[in-house]
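Structure, as structure tokens:
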Amino acid sequence: MNNRSVAYLDSLGLTETLRFRLEVLAARCELILGTEPSAVFASEYISQEAGRVYESLFAFTADFVSEAQVAEEPSDQIDIVPLRSSVRHWILNSTHFDLRTAGDESRLSMDVWLADNRVATLRASGRNCDRLLELGLELIRPNIA
Amino acid sequence: MWDGFNVRSAQAEDQYRRVVASILRQFESGRYWKNVLTMLPELESEYYVDTGFLLTSSVVPDMIDKPWASFWQKTFRRNVTENNRWPRPPVGGWLTPEHWLIQIGDAVRTRIVVRYLDGVEGVVDLLQSAAKGTRWRPTSTLQATREGYYAAHVSIVGRYEVPKATFDTDSVRARVEVQVTTQVKDVIQELLHKYYDERRRSTDPAPDAPEWDYLSDAFRTTYLGHLAHHMEGLIMDLRQEGPK
């Protein structure tokens, strides 16, 4: 993982178990992608009962994006799809978020529809919304074709 | 009775409230409970990563104190109505203010609610291991009664500095109880609370054969509890087997 990704994971305030799991998944994605991801994103949502629930880790390169499920170790599931010029439809749904600065109540979800009608859903809460939007602008928007 | 000490007096009630509030504060700020609250999110993560399912349905359990009326009724039941040796002391001796906080374990208590049956054991293990290196001593029991009640009870014994009636302090041993139950059982417990409460208050003997008295409250509550317990097992079976 590059320094940016390490700093990002640091910012999430994860438990040791989750931190280790995300690092393992990032390393596995890197192996499958064949190159160090330029960015990673931990998709999560807030459960009223259980607090923040991490669903999957997304890893981005210029050409590909991979998604790895956080839960149900040791049976990992990693998807990889082309990213370059492959985005057909980008849907953002936000709550309590002005798309500038996220607060504790902010929620953001992004549906990214790809050329073959596959869709990736990335979700964020709180300050993680800032990171998701940043990645959307940096990596999703330029690939809309 | 009890050396002339009128335990129903307002003074006893006031003393009980002050002592229990003090125990609650000391327990909450003590190392053991802090360990529990630190370790619980870690266990949540481990369970989620391992199974893909969420462990608990309440993130941070609050400690609560037992109301005086309930506490007093419990001592009365143990001393009198459930005391088969009456008028001699019950097994373990009279429950009196000197010892009743160790004899009755749930004057300060909380409940951790897990979503699935297999979560109970994990939380109980955590409650045991959180005591390492601390002065608190937990013991646990997995309860399943004929009446359909099931839950794990972890009883944590500790020593507390509590206020005396004379404005001095005293060092007492007391138990704090952490109940670990499932979401299904929690819902049923809430539903049946009124029945259990009435049953506890009643001086009537328990029904002889509730198993055959299908219109009675005892029948309904008992078998609802057993049914729920069985259903929890089926849920686990389904979860572990996964889709075919």
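We name chains A, B, ... by the order of the sequence lines, and we start the count at 1 in each one. Computation of the quantities below employed the complete heavy-atom set of this structure, encompassing side-chain atoms and omitting hydrogens, waters and symmetry-equivalent molecules. Computed from a predicted model, the values in this text were never measured in an experiment.
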Next item on the list: Taking all heavy atoms of B:G52 and all of A:A71, pick out the closest pair and write down the distance.
Entry: CA-CB, 3.2 Å
Note to self: Can you tell me if B:Q240 has over 12 outside heavy atoms packed within less than 6.0 Å of its CD?
What the structure shows: yes
Atom pairs and distances, donor-acceptor, side-chain atoms in residues 91-100 of chain A, under 3.5 Å, two or more places apart:
{"unit_1": "A:D98", "atom_1": "OD1", "unit_2": "A:R100", "atom_2": "N", "d": "2.8"}
{"unit_1": "A:D98", "atom_1": "OD1", "unit_2": "A:T101", "atom_2": "N", "d": "3.1"}

Notebook entry, point to check: Distance-only, no hydrogens or angles: does the B:Y48 side chain make a donor-acceptor pair with backbone N or O of A:V70 under 3.5 Å?
Noted result: no
Margin query: Does atom CG (A:D10) have a neighbourhood of more than 12 heavy atoms from anything else shown, all under 6.0 Å?
Written below: yes
Checklist line | B:E121, CD: over 12 other non-hydrogen atoms inside 6.0 angstrom | finding: no
Margin query: Could you measure the distance from the CD atom of A:E16 to the CD atom of B:E46? Nearest 0.5 Å is fine.
Written below: 9.5 Å
Check: Any side-chain donor paired with an acceptor under 3.5 Å for B:S45 and A:T15?
Finding: yes
